[in-house]
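Okay, so here's the structure we're looking at.
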Amino acid sequence: MAKSSRICASWIVRRRKSKTLRTDMLDIQLLRTNIDAVAGRLATRGFTLDSATFQTLENERKTLQTQTQDLQARRNSLSKQVGMLKGKGEDASAVMAEVAALKDELEANEKRLGELLKELEAFVATIPNLPQENVPVGKSEADNVEIKRWGTPRTFDFPAKDHVDLGEGLGQLDFATAAKIAGARFSLMKGPLARLHRALAQFMLDVHTTEHGYTEVYVPYLVNSDSMYGTGQLPKFEADLFKILREDADPLYLIPTAEVPVTNIVRDEIVAQGALPLKFVSHTPCFRSEAGSYGKDTRGMIRQHQFDKVELVQIVAAEQSTEAHEALTRHAETILEKLELPYRRVALCTGDMGFSSAKTYDLEVWLPAQNTYREISSCSNFESFQARRMQARCRNEKNKPELVHTLNGSGLAVGRTLVAILENNQNADSSITIPAALRPYMGGVEKIGA
RNA sequence: GGAAGCGUGGCAGAGUGGUUGAAUGCACCGGUCUUGAAAACCGGCGUUGGUUUACGCCAACCGUGAGUUCGAAUCUCACCGCUUCCGCCA
(Lines give C-alpha, C1' and ligand atoms only; values in the text may rest on other atoms or scores of the structure.)
Protein backbone atom coordinates (compact mmCIF):
# COMPACT_ATOMS: atom_id res chain seq x y z
CA MET A 1 0.00 0.00 0.00
CA ALA A 2 1.22 3.46 -0.77
CA LYS A 3 1.89 5.55 2.27
CA SER A 4 0.31 8.48 0.53
CA SER A 5 -3.07 6.93 0.91
CA ARG A 6 -2.55 5.42 4.30
CA ILE A 7 -5.06 6.66 6.77
CA CYS A 8 -4.49 6.56 10.44
CA ALA A 9 -7.54 6.12 12.54
CA SER A 10 -5.90 7.74 15.49
CA TRP A 11 -6.15 11.13 13.95
CA ILE A 12 -6.10 12.97 17.21
CA VAL A 13 -2.64 11.64 17.95
CA ARG A 14 -1.41 12.24 14.45
CA ARG A 15 -2.68 15.75 14.63
CA ARG A 16 -0.01 16.66 17.12
CA LYS A 17 2.60 15.91 14.53
CA SER A 18 0.85 17.75 11.75
CA LYS A 19 1.56 21.43 11.63
CA THR A 20 -1.47 22.55 9.76
CA LEU A 21 -4.34 21.02 11.62
CA ARG A 22 -3.74 21.51 15.29
CA THR A 23 -6.32 23.43 17.23
CA ASP A 24 -7.78 23.64 20.64
CA MET A 25 -10.35 21.03 21.11
CA LEU A 26 -12.71 19.16 23.27
CA ASP A 27 -12.60 15.45 23.78
CA ILE A 28 -14.30 14.07 20.71
CA GLN A 29 -15.59 11.14 22.74
CA LEU A 30 -17.64 13.62 24.70
CA LEU A 31 -19.25 14.80 21.50
CA ARG A 32 -19.96 11.26 20.38
CA THR A 33 -21.57 10.19 23.60
CA ASN A 34 -23.04 13.37 25.07
CA ILE A 35 -23.61 15.83 22.33
CA ASP A 36 -26.85 17.24 23.73
CA ALA A 37 -25.34 18.00 27.10
CA VAL A 38 -22.30 19.55 25.45
CA ALA A 39 -24.48 21.68 23.20
CA GLY A 40 -26.44 22.87 26.20
CA ARG A 41 -23.39 24.02 28.11
CA LEU A 42 -21.85 25.66 25.06
CA ALA A 43 -25.06 27.59 24.50
CA THR A 44 -24.38 29.40 27.78
CA ARG A 45 -21.31 30.95 26.24
CA GLY A 46 -23.16 31.98 23.13
CA PHE A 47 -21.87 29.15 20.98
CA THR A 48 -24.35 27.22 18.88
CA LEU A 49 -23.19 23.68 18.32
CA ASP A 50 -24.40 22.30 15.01
CA SER A 51 -25.25 18.84 16.30
CA ALA A 52 -26.90 17.70 13.09
CA THR A 53 -23.80 18.36 11.01
CA PHE A 54 -21.66 16.58 13.54
CA GLN A 55 -23.93 13.55 13.60
CA THR A 56 -23.92 13.35 9.82
CA LEU A 57 -20.14 13.50 9.65
CA GLU A 58 -19.81 11.03 12.48
CA ASN A 59 -22.15 8.48 10.96
CA GLU A 60 -20.37 8.57 7.65
CA ARG A 61 -17.02 8.35 9.38
CA LYS A 62 -18.05 5.33 11.35
CA THR A 63 -19.26 3.24 8.42
CA LEU A 64 -16.42 4.33 6.17
CA GLN A 65 -13.79 3.63 8.79
CA THR A 66 -15.16 0.16 9.46
CA GLN A 67 -15.25 -0.65 5.75
CA THR A 68 -11.78 0.70 5.19
CA GLN A 69 -10.31 -1.22 8.08
CA ASP A 70 -11.91 -4.42 6.82
CA LEU A 71 -10.32 -3.90 3.43
CA GLN A 72 -6.98 -3.17 5.05
CA ALA A 73 -7.26 -6.33 7.09
CA ARG A 74 -7.89 -8.41 3.96
CA ARG A 75 -5.00 -6.76 2.16
CA ASN A 76 -2.70 -7.48 5.09
CA SER A 77 -3.63 -11.11 5.41
CA LEU A 78 -3.36 -11.75 1.66
CA SER A 79 0.04 -10.08 1.58
CA LYS A 80 1.19 -12.35 4.35
CA GLN A 81 0.08 -15.32 2.28
CA VAL A 82 2.19 -14.03 -0.59
CA GLY A 83 5.16 -13.94 1.70
CA MET A 84 4.56 -17.48 2.94
CA LEU A 85 4.03 -18.89 -0.54
CA LYS A 86 7.15 -17.21 -1.90
CA GLY A 87 9.07 -18.41 1.12
CA LYS A 88 8.16 -21.95 0.22
CA GLY A 89 9.02 -21.31 -3.42
CA GLU A 90 5.42 -21.69 -4.54
CA ASP A 91 3.44 -19.68 -7.08
CA ALA A 92 1.76 -16.64 -5.52
CA SER A 93 0.35 -14.99 -8.61
CA ALA A 94 -3.28 -15.91 -7.85
CA VAL A 95 -3.15 -14.29 -4.42
CA MET A 96 -1.36 -11.27 -5.79
CA ALA A 97 -4.10 -10.79 -8.33
CA GLU A 98 -6.65 -10.94 -5.54
CA VAL A 99 -4.87 -8.17 -3.65
CA ALA A 100 -4.64 -6.08 -6.77
CA ALA A 101 -8.39 -6.30 -7.15
CA LEU A 102 -8.84 -4.69 -3.73
CA LYS A 103 -6.58 -1.82 -4.50
CA ASP A 104 -8.90 0.65 -6.20
CA GLU A 105 -11.69 0.34 -3.68
CA LEU A 106 -9.28 0.55 -0.78
CA GLU A 107 -7.54 3.65 -2.05
CA ALA A 108 -10.83 5.40 -2.76
CA ASN A 109 -12.03 4.60 0.75
CA GLU A 110 -8.84 5.81 2.33
CA LYS A 111 -8.96 9.05 0.43
CA ARG A 112 -12.55 9.75 1.38
CA LEU A 113 -11.91 8.80 4.99
CA GLY A 114 -8.97 11.19 5.12
CA GLU A 115 -11.12 14.02 3.83
CA LEU A 116 -13.85 13.19 6.27
CA LEU A 117 -11.49 13.20 9.23
CA LYS A 118 -10.20 16.62 8.22
CA GLU A 119 -13.75 17.92 8.00
CA LEU A 120 -14.50 16.54 11.42
CA GLU A 121 -11.40 18.03 12.88
CA ALA A 122 -12.09 21.42 11.37
CA PHE A 123 -15.56 21.20 12.87
CA VAL A 124 -14.33 20.28 16.33
CA ALA A 125 -11.63 22.94 16.15
CA THR A 126 -14.21 25.71 16.22
CA ILE A 127 -15.72 24.50 19.49
CA PRO A 128 -14.63 26.38 22.61
CA ASN A 129 -13.98 24.81 25.99
CA LEU A 130 -16.87 23.88 28.25
CA PRO A 131 -17.38 26.40 31.06
CA GLN A 132 -17.37 24.97 34.56
CA GLU A 133 -20.78 24.62 36.19
CA ASN A 134 -20.29 27.57 38.52
CA VAL A 135 -19.22 30.08 35.88
CA PRO A 136 -21.76 32.91 35.77
CA VAL A 137 -23.84 32.81 32.62
CA GLY A 138 -23.76 36.00 30.62
CA LYS A 139 -23.14 37.61 27.29
CA SER A 140 -20.47 40.23 27.80
CA GLU A 141 -18.16 41.99 30.18
CA ALA A 142 -21.22 43.61 31.72
CA ASP A 143 -22.34 40.23 33.07
CA ASN A 144 -19.10 39.43 34.88
CA VAL A 145 -19.52 38.94 38.59
CA GLU A 146 -17.45 40.72 41.19
CA ILE A 147 -16.27 38.18 43.75
CA LYS A 148 -14.46 40.40 46.21
CA ARG A 149 -12.85 43.75 46.78
CA TRP A 150 -9.68 44.38 48.74
CA GLY A 151 -8.47 47.75 49.96
CA THR A 152 -10.11 51.13 49.77
CA PRO A 153 -9.41 53.50 46.91
CA ARG A 154 -7.71 56.56 48.30
CA THR A 155 -9.33 59.97 48.20
CA PHE A 156 -7.11 62.78 46.98
CA ASP A 157 -7.10 66.30 48.34
CA PHE A 158 -5.39 67.48 45.16
CA PRO A 159 -6.08 66.74 41.49
CA ALA A 160 -4.76 63.25 40.82
CA LYS A 161 -2.59 62.92 37.72
CA ASP A 162 -2.36 59.92 35.49
CA HIS A 163 0.86 57.92 35.15
CA VAL A 164 1.84 59.65 31.91
CA ASP A 165 1.80 63.11 33.43
CA LEU A 166 3.53 61.81 36.53
CA GLY A 167 6.24 59.87 34.72
CA GLU A 168 6.93 62.51 32.10
CA GLY A 169 6.85 65.20 34.79
CA LEU A 170 9.60 63.32 36.60
CA GLY A 171 11.56 63.13 33.37
CA GLN A 172 11.70 59.36 33.77
CA LEU A 173 9.07 58.21 31.30
CA ASP A 174 9.59 59.14 27.66
CA PHE A 175 7.14 57.99 25.02
CA ALA A 176 8.39 60.42 22.38
CA THR A 177 11.87 58.93 22.33
CA ALA A 178 10.46 55.40 22.40
CA ALA A 179 8.38 56.31 19.36
CA LYS A 180 11.46 57.65 17.58
CA ILE A 181 13.36 54.45 18.27
CA ALA A 182 10.63 51.93 17.60
CA GLY A 183 7.24 53.51 16.94
CA ALA A 184 3.96 53.86 18.72
CA ARG A 185 3.09 51.71 21.73
CA PHE A 186 6.56 51.40 23.17
CA SER A 187 7.92 52.99 26.30
CA LEU A 188 11.24 54.17 27.59
CA MET A 189 11.94 54.50 31.28
CA LYS A 190 14.93 56.10 32.94
CA GLY A 191 16.55 56.30 36.34
CA PRO A 192 14.52 55.49 39.45
CA LEU A 193 11.45 54.61 37.42
CA ALA A 194 13.37 52.04 35.39
CA ARG A 195 14.69 50.68 38.65
CA LEU A 196 11.20 50.54 40.10
CA HIS A 197 10.12 48.52 37.09
CA ARG A 198 12.96 46.08 37.65
CA ALA A 199 12.30 46.01 41.39
CA LEU A 200 8.70 44.99 40.79
CA ALA A 201 9.68 41.98 38.72
CA GLN A 202 12.30 40.90 41.27
CA PHE A 203 9.87 41.32 44.12
CA MET A 204 7.17 39.26 42.41
CA LEU A 205 9.59 36.47 41.53
CA ASP A 206 10.90 36.33 45.08
CA VAL A 207 7.44 36.16 46.64
CA HIS A 208 6.29 33.39 44.32
CA THR A 209 9.44 31.31 44.66
CA THR A 210 9.97 31.69 48.39
CA GLU A 211 6.39 31.93 49.68
CA HIS A 212 4.25 30.15 47.10
CA GLY A 213 6.46 27.25 46.08
CA TYR A 214 7.03 28.09 42.43
CA THR A 215 10.17 27.18 40.53
CA GLU A 216 11.64 30.06 38.58
CA VAL A 217 12.28 29.31 34.93
CA TYR A 218 14.13 31.24 32.27
CA VAL A 219 12.72 30.49 28.84
CA PRO A 220 13.09 31.35 25.14
CA TYR A 221 11.33 34.53 24.05
CA LEU A 222 11.17 33.28 20.47
CA VAL A 223 9.26 30.08 19.93
CA ASN A 224 8.31 27.81 17.05
CA SER A 225 4.85 27.37 15.65
CA ASP A 226 4.36 24.02 17.41
CA SER A 227 4.53 25.84 20.72
CA MET A 228 2.12 28.52 19.55
CA TYR A 229 -0.31 25.81 18.50
CA GLY A 230 0.23 24.07 21.80
CA THR A 231 -1.20 26.90 23.86
CA GLY A 232 -3.71 28.05 21.26
CA GLN A 233 -2.26 31.31 19.93
CA LEU A 234 -2.19 29.64 16.54
CA PRO A 235 -3.96 29.25 14.25
CA LYS A 236 -6.62 31.70 15.40
CA PHE A 237 -4.62 34.65 16.66
CA GLU A 238 -1.69 34.91 14.30
CA ALA A 239 -2.52 38.57 13.64
CA ASP A 240 -1.71 39.41 17.27
CA LEU A 241 1.77 37.91 17.08
CA PHE A 242 5.12 39.24 15.93
CA LYS A 243 6.52 36.76 13.47
CA ILE A 244 10.16 36.36 12.52
CA LEU A 245 10.61 34.97 9.02
CA ARG A 246 13.83 33.12 8.26
CA GLU A 247 15.27 32.03 4.97
CA ASP A 248 16.47 28.53 5.74
CA ALA A 249 14.22 27.56 8.60
CA ASP A 250 10.67 27.75 9.83
CA PRO A 251 9.50 31.06 11.24
CA LEU A 252 9.77 31.92 14.92
CA TYR A 253 7.35 33.99 16.94
CA LEU A 254 7.95 36.48 19.73
CA ILE A 255 6.06 35.26 22.77
CA PRO A 256 2.90 37.20 23.65
CA THR A 257 3.10 35.77 27.18
CA ALA A 258 5.37 33.43 29.11
CA GLU A 259 2.44 31.03 29.15
CA VAL A 260 3.60 29.84 25.75
CA PRO A 261 7.15 28.68 26.48
CA VAL A 262 6.41 27.67 30.05
CA THR A 263 3.31 25.57 29.41
CA ASN A 264 5.00 23.97 26.42
CA ILE A 265 7.61 22.54 28.76
CA VAL A 266 5.29 19.57 29.11
CA ARG A 267 4.20 19.34 25.48
CA ASP A 268 4.57 15.77 24.20
CA GLU A 269 5.75 14.67 27.61
CA ILE A 270 4.47 12.08 30.02
CA VAL A 271 5.18 13.41 33.47
CA ALA A 272 6.21 10.77 36.00
CA GLN A 273 3.89 9.72 38.77
CA GLY A 274 4.28 11.93 41.78
CA ALA A 275 5.95 14.74 39.86
CA LEU A 276 2.79 16.84 39.84
CA PRO A 277 1.94 19.55 40.52
CA LEU A 278 4.52 21.46 38.52
CA LYS A 279 4.54 25.13 39.52
CA PHE A 280 6.56 27.49 37.38
CA VAL A 281 7.06 31.23 37.55
CA SER A 282 8.79 33.16 34.82
CA HIS A 283 9.57 36.80 34.22
CA THR A 284 9.63 37.63 30.52
CA PRO A 285 8.96 40.43 28.12
CA CYS A 286 5.77 39.91 26.15
CA PHE A 287 5.22 41.08 22.60
CA ARG A 288 1.81 41.75 21.12
CA SER A 289 0.96 43.31 17.86
CA GLU A 290 -2.55 43.95 19.23
CA ALA A 291 -4.09 44.03 15.80
CA GLY A 292 -7.58 45.35 16.06
CA SER A 293 -6.99 47.38 19.18
CA TYR A 294 -6.16 50.66 17.43
CA GLY A 295 -7.65 53.55 19.28
CA LYS A 296 -7.90 51.67 22.58
CA ASP A 297 -5.74 52.84 25.45
CA THR A 298 -3.50 54.79 23.13
CA ARG A 299 -2.26 56.96 25.98
CA GLY A 300 0.37 55.65 28.33
CA MET A 301 1.69 52.21 29.25
CA ILE A 302 -1.57 50.30 29.51
CA ARG A 303 -1.45 48.68 26.07
CA GLN A 304 2.00 48.27 24.57
CA HIS A 305 3.70 46.17 21.91
CA GLN A 306 6.28 45.18 24.53
CA PHE A 307 5.71 44.75 28.23
CA ASP A 308 7.07 42.67 31.08
CA LYS A 309 5.06 40.14 32.98
CA VAL A 310 5.66 37.64 35.75
CA GLU A 311 3.63 34.60 34.83
CA LEU A 312 2.44 31.74 37.03
CA VAL A 313 1.87 28.36 35.41
CA GLN A 314 0.69 25.17 37.05
CA ILE A 315 0.54 21.69 35.56
CA VAL A 316 -1.62 19.51 37.78
CA ALA A 317 -3.50 16.22 37.92
CA ALA A 318 -7.08 16.53 36.68
CA GLU A 319 -8.72 16.27 40.08
CA GLN A 320 -6.50 19.04 41.48
CA SER A 321 -7.19 21.82 39.03
CA THR A 322 -10.14 23.55 40.66
CA GLU A 323 -8.28 23.85 43.93
CA ALA A 324 -5.12 24.92 42.10
CA HIS A 325 -7.03 27.64 40.29
CA GLU A 326 -8.17 29.20 43.56
CA ALA A 327 -4.66 28.96 44.98
CA LEU A 328 -3.01 30.45 41.92
CA THR A 329 -5.43 33.36 41.95
CA ARG A 330 -4.62 33.95 45.60
CA HIS A 331 -0.91 33.96 44.76
CA ALA A 332 -1.48 36.78 42.29
CA GLU A 333 -3.68 38.67 44.76
CA THR A 334 -0.97 38.41 47.39
CA ILE A 335 1.30 40.61 45.27
CA LEU A 336 -1.34 43.34 45.08
CA GLU A 337 -1.91 43.13 48.81
CA LYS A 338 1.78 43.34 49.65
CA LEU A 339 1.98 46.40 47.41
CA GLU A 340 -1.09 47.83 49.15
CA LEU A 341 -2.92 48.34 45.87
CA PRO A 342 -6.74 48.20 46.02
CA TYR A 343 -8.17 45.61 43.69
CA ARG A 344 -11.17 43.45 42.99
CA ARG A 345 -11.59 39.91 41.74
CA VAL A 346 -14.06 39.31 38.97
CA ALA A 347 -15.36 35.98 37.69
CA LEU A 348 -15.66 36.22 33.95
CA CYS A 349 -19.05 35.18 32.64
CA THR A 350 -19.52 32.46 30.05
CA GLY A 351 -19.73 34.98 27.23
CA ASP A 352 -16.56 36.88 28.15
CA MET A 353 -14.17 33.97 28.75
CA GLY A 354 -11.42 33.08 26.35
CA PHE A 355 -11.87 30.25 23.88
CA SER A 356 -9.73 27.75 25.79
CA SER A 357 -10.73 28.58 29.33
CA ALA A 358 -13.06 26.57 31.55
CA LYS A 359 -13.02 29.28 34.20
CA THR A 360 -11.29 32.64 34.50
CA TYR A 361 -10.85 35.17 37.27
CA ASP A 362 -9.63 38.62 36.37
CA LEU A 363 -7.90 40.76 38.96
CA GLU A 364 -8.47 44.46 38.47
CA VAL A 365 -6.42 47.14 40.16
CA TRP A 366 -7.74 50.55 41.07
CA LEU A 367 -6.50 53.35 38.82
CA PRO A 368 -7.42 56.75 40.32
CA ALA A 369 -6.86 58.70 37.12
CA GLN A 370 -9.33 56.51 35.27
CA ASN A 371 -11.54 56.30 38.35
CA THR A 372 -12.00 52.60 37.68
CA TYR A 373 -10.59 49.12 38.13
CA ARG A 374 -8.39 47.89 35.28
CA GLU A 375 -7.27 44.36 34.50
CA ILE A 376 -3.85 43.54 35.86
CA SER A 377 -4.06 39.73 35.95
CA SER A 378 -6.11 37.00 34.37
CA CYS A 379 -6.08 33.58 36.01
CA SER A 380 -7.50 30.70 34.02
CA ASN A 381 -8.07 26.99 34.36
CA PHE A 382 -7.91 25.31 30.96
CA GLU A 383 -8.54 21.85 32.36
CA SER A 384 -7.51 19.34 29.68
CA PHE A 385 -8.18 21.63 26.72
CA GLN A 386 -4.59 22.72 26.11
CA ALA A 387 -3.18 19.43 27.33
CA ARG A 388 -5.17 17.45 24.79
CA ARG A 389 -3.67 19.34 21.92
CA MET A 390 -0.21 19.43 23.45
CA GLN A 391 -0.40 15.75 24.37
CA ALA A 392 0.76 16.72 27.83
CA ARG A 393 0.15 13.77 30.09
CA CYS A 394 1.00 12.23 33.41
CA ARG A 395 0.89 8.69 34.70
CA ASN A 396 -2.07 7.94 36.92
CA GLU A 397 -2.29 5.43 39.78
CA LYS A 398 -2.59 2.62 37.27
CA ASN A 399 0.54 3.88 35.56
CA LYS A 400 -1.49 4.75 32.48
CA PRO A 401 -1.05 8.06 30.62
CA GLU A 402 -3.72 10.63 31.36
CA LEU A 403 -4.08 14.24 30.24
CA VAL A 404 -2.90 16.83 32.75
CA HIS A 405 -4.75 20.04 33.53
CA THR A 406 -3.04 23.36 32.83
CA LEU A 407 -3.54 26.71 34.52
CA ASN A 408 -1.93 30.09 34.34
CA GLY A 409 -2.23 33.61 35.58
CA SER A 410 -0.32 36.85 35.61
CA GLY A 411 1.40 37.43 38.85
CA LEU A 412 1.43 40.29 37.76
CA ALA A 413 1.72 42.38 34.62
CA VAL A 414 4.74 44.50 35.56
CA GLY A 415 4.01 47.58 33.47
CA ARG A 416 0.46 47.89 34.69
CA THR A 417 1.60 47.38 38.27
CA LEU A 418 4.02 50.25 37.78
CA VAL A 419 1.17 52.39 36.47
CA ALA A 420 -0.92 51.49 39.50
CA ILE A 421 1.86 52.43 41.91
CA LEU A 422 2.47 55.75 40.21
CA GLU A 423 -1.17 56.71 40.24
CA ASN A 424 -2.12 55.36 43.66
CA ASN A 425 1.02 56.50 45.48
CA GLN A 426 1.38 59.99 44.05
CA ASN A 427 1.77 62.92 46.37
CA ALA A 428 0.68 66.56 46.07
CA ASP A 429 4.18 67.50 44.89
CA SER A 430 3.97 64.79 42.19
CA SER A 431 6.51 62.60 43.93
CA ILE A 432 5.82 58.87 44.26
CA THR A 433 5.95 56.98 47.54
CA ILE A 434 7.53 53.55 47.16
CA PRO A 435 5.49 50.77 48.84
CA ALA A 436 7.32 49.43 51.87
CA ALA A 437 7.56 45.95 50.38
CA LEU A 438 9.58 47.29 47.46
CA ARG A 439 12.05 49.45 49.35
CA PRO A 440 14.54 46.64 49.89
CA TYR A 441 14.63 46.31 46.12
CA MET A 442 15.14 50.06 45.70
CA GLY A 443 18.17 50.46 47.90
CA GLY A 444 15.96 51.76 50.69
CA VAL A 445 14.56 54.64 48.64
CA GLU A 446 11.18 55.70 50.01
CA LYS A 447 10.18 58.24 47.46
CA ILE A 448 10.83 59.03 43.82
CA GLY A 449 11.13 62.60 42.64
CA ALA A 450 10.85 64.38 45.95
C1' G B 1 28.91 30.77 6.74
C1' G B 2 31.48 25.53 5.73
C1' A B 3 31.51 20.00 6.82
C1' A B 4 29.69 15.45 8.81
C1' G B 5 26.30 12.54 11.43
C1' C B 6 21.64 11.27 13.71
C1' G B 7 15.98 11.07 14.40
C1' U B 8 12.74 3.61 16.70
C1' G B 9 8.38 2.41 22.78
C1' G B 10 8.69 6.23 29.55
C1' C B 11 14.35 5.99 28.85
C1' A B 12 18.66 3.55 26.58
C1' G B 13 19.29 0.73 22.31
C1' A B 14 18.85 -3.61 18.34
C1' G B 15 16.62 -4.12 13.85
C1' U B 16 18.23 -2.64 6.04
C1' G B 17 11.99 -5.78 2.22
C1' G B 18 7.92 -10.65 4.35
C1' U B 19 3.71 -13.91 10.40
C1' U B 20 8.24 -7.21 13.38
C1' G B 21 4.21 -3.68 17.17
C1' A B 22 9.17 -4.18 16.81
C1' A B 23 15.14 -8.02 20.25
C1' U B 24 17.65 -6.71 24.74
C1' G B 25 18.51 -3.70 29.12
C1' C B 26 16.56 -0.05 32.55
C1' A B 27 12.16 1.92 34.65
C1' C B 28 7.17 0.55 36.01
C1' C B 29 3.08 -3.04 37.81
C1' G B 30 1.80 -7.99 40.11
C1' G B 31 3.85 -12.29 42.59
C1' U B 32 7.59 -15.75 45.14
C1' C B 33 11.30 -15.29 48.81
C1' U B 34 12.39 -12.07 53.40
C1' U B 35 10.96 -9.97 60.34
C1' G B 36 11.03 -5.65 56.76
C1' A B 37 13.69 -3.72 52.67
C1' A B 38 17.23 -4.77 48.96
C1' A B 39 18.96 -8.60 45.85
C1' A B 40 17.43 -12.86 43.17
C1' C B 41 13.62 -15.41 40.59
C1' C B 42 8.59 -15.78 37.98
C1' G B 43 4.82 -13.15 35.30
C1' G B 44 2.97 -8.63 33.13
C1' C B 45 3.83 -4.08 30.71
C1' G B 46 3.41 1.08 24.16
C1' U B 47 -0.20 4.74 22.12
C1' U B 48 -4.61 5.96 19.54
C1' G B 49 -8.89 4.47 17.10
C1' G B 50 -12.83 0.96 15.35
C1' U B 51 -15.88 -3.12 16.78
C1' U B 52 -17.99 -6.40 20.68
C1' U B 53 -22.72 -7.54 26.48
C1' A B 54 -18.00 -9.66 27.28
C1' C B 55 -13.33 -12.74 26.35
C1' G B 56 -11.54 -10.71 22.25
C1' C B 57 -10.87 -9.29 17.22
C1' C B 58 -9.32 -5.50 13.71
C1' A B 59 -6.74 -0.93 11.94
C1' A B 60 -2.98 2.75 12.33
C1' C B 61 1.49 4.55 14.48
C1' C B 62 9.49 3.61 14.12
C1' G B 63 10.72 12.75 12.99
C1' U B 64 7.00 14.85 8.87
C1' G B 65 5.31 14.37 3.94
C1' A B 66 5.53 12.15 -0.81
C1' G B 67 7.09 7.74 -3.74
C1' U B 68 8.62 2.30 -5.17
C1' U B 69 6.36 -2.66 -3.95
C1' C B 70 1.53 -7.74 -3.48
C1' G B 71 3.99 -6.23 1.22
C1' A B 72 8.22 -0.76 4.09
C1' A B 73 10.90 0.83 10.66
C1' U B 74 13.89 -1.23 6.57
C1' C B 75 14.59 1.18 -0.40
C1' U B 76 14.04 6.47 -3.06
C1' C B 77 13.02 11.84 -2.77
C1' A B 78 11.76 16.34 -0.22
C1' C B 79 11.07 18.85 4.27
C1' C B 80 11.70 19.63 9.60
C1' G B 81 14.49 19.00 13.92
C1' C B 82 18.78 17.73 16.75
C1' U B 83 24.09 16.67 17.56
C1' U B 84 29.33 17.23 16.50
C1' C B 85 33.61 19.72 14.16
C1' C B 86 35.59 24.36 11.74
C1' G B 87 34.70 29.78 11.16
C1' C B 88 32.39 34.12 13.38
C1' C B 89 30.51 36.04 17.85
C1' A B 90 27.49 38.53 23.39
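Below, chain A is the first sequence line, B the second, and so on; all start at residue 1.
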Taking the [atom1] atom in each of [N] and [M], what is the distance between them to the nearest angstrom?
N     : M     : atom1 : answer
B/U83 : B/U48 : C1'   : 31 Å
B/C6  : B/U64 : C1'   : 16 Å
B/C45 : B/A4  : C1'   : 39 Å
B/C57 : B/A22 : P     : 13 Å
B/A27 : B/A39 : P     : 8 Å
B/G18 : B/G7  : C1'   : 25 Å
B/U32 : B/C82 : C1'   : 45 Å
B/U19 : B/G30 : C1'   : 30 Å

Of the candidate nucleotides [options], which contains the atom at the shortest distance from the side chain of [X]?
X        : options             : answer
A/Gln69  : B/C70, B/C58, B/U51 : B/C58
A/Pro401 : B/U47, B/G49, B/C80 : B/U47
A/Thr66  : B/U51, B/G81, B/G18 : B/U51
A/Asp250 : B/G81, B/C70, B/G49 : B/G81
A/Gln72  : B/A59, B/U19, B/G49 : B/A59
A/Ser79  : B/G18, B/U19, B/G10 : B/G18
A/Arg246 : B/G81, B/G50, B/U47 : B/G81
A/Asn399 : B/C28, B/U47, B/A59 : B/C28

Test item: side-chain donor near acceptor, [X] and [Y], under 3.5 Å:
X        : Y        : result
A/Asn109 : A/Arg112 : no
A/Ser187 : A/Gln304 : yes
A/Asp240 : A/Ser289 : no
A/Gln314 : A/Tyr214 : yes
A/His405 : A/Glu383 : no

Distance in angstrom units between [X] [atom1] and [N] [atom2], rounded:
X        : N     : atom1 : atom2 : result
A/Met96  : B/U69 : CE    : C1'   : 9 Å
A/Ile28  : B/U48 : CD1   : P     : 15 Å
A/Arg267 : B/G81 : CZ    : C1'   : 12 Å
A/Leu78  : B/A59 : CG    : C1'   : 16 Å
A/Glu402 : B/G10 : CD    : P     : 16 Å
A/Asp70  : B/U51 : CG    : P     : 11 Å

Subject >> Presence of salt bridge, A/Arg32 and A/Glu58, under 4.0 angstrom >> reply: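 Yes.
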**OP:** Output yes when A/Glu238 and A/Lys243 qualify as a salt bridge under the 4.0 Å nitrogen-oxygen rule, no when they do not.
**Re:** yes
Subject >> Nearest heavy-atom neighbours spanning A/Leu241 and A/Leu254 >> reply: CD2-O, 4.4 Å
**OP:** Select base, sugar-phosphate, or nothing to describe what A/Ala100 touches, counting heavy atoms under 4.0 Å on all strands.
**Re:** nothing
Original post:
With a 4.0 Å cut-off on heavy atoms, is A/Gln67 in touch with a base, just the backbone sugar-phosphate, or nothing at all?
Top reply: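 Nothing: the residue A/Gln67, judged by heavy atoms under 4.0 Å, touches no strand.
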[N], OP1 or OP2 - any side-chain N/O from [X] closer than 4.0 Å?
X        : N     : answer
A/Lys80  : B/C70 : no
A/Arg61  : B/G50 : yes
A/Arg32  : B/G50 : yes
A/Lys400 : B/C28 : no
A/Arg75  : B/A60 : yes
A/Asn76  : B/A59 : yes

Original post:
For A/Phe307, which of A/Met301, A/Arg416, A/Arg288 qualifies under side-chain contact (heavy atoms from CB on, under 4.5 Å)?
Top reply: A/Arg288
Original post:
Which comes earlier along RNA chain B counting from the 5' end, the contact point of A/Ala249 or that of A/Arg74, where each point is its nearest nucleotide?
Top reply: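 Nearer the 5' end of the strand: A/Arg74.
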Subject >> Watson-Crick or G-U pairs under 3.5 Å in RNA chain B, rendered as dot-bracket with [ ] for crossing pairs and | for another strand >> reply: ((((((((.[[[..)..(.....]]].(((((.......))))).((((((....)))))).[[[[[..)....]]]]])))))))....
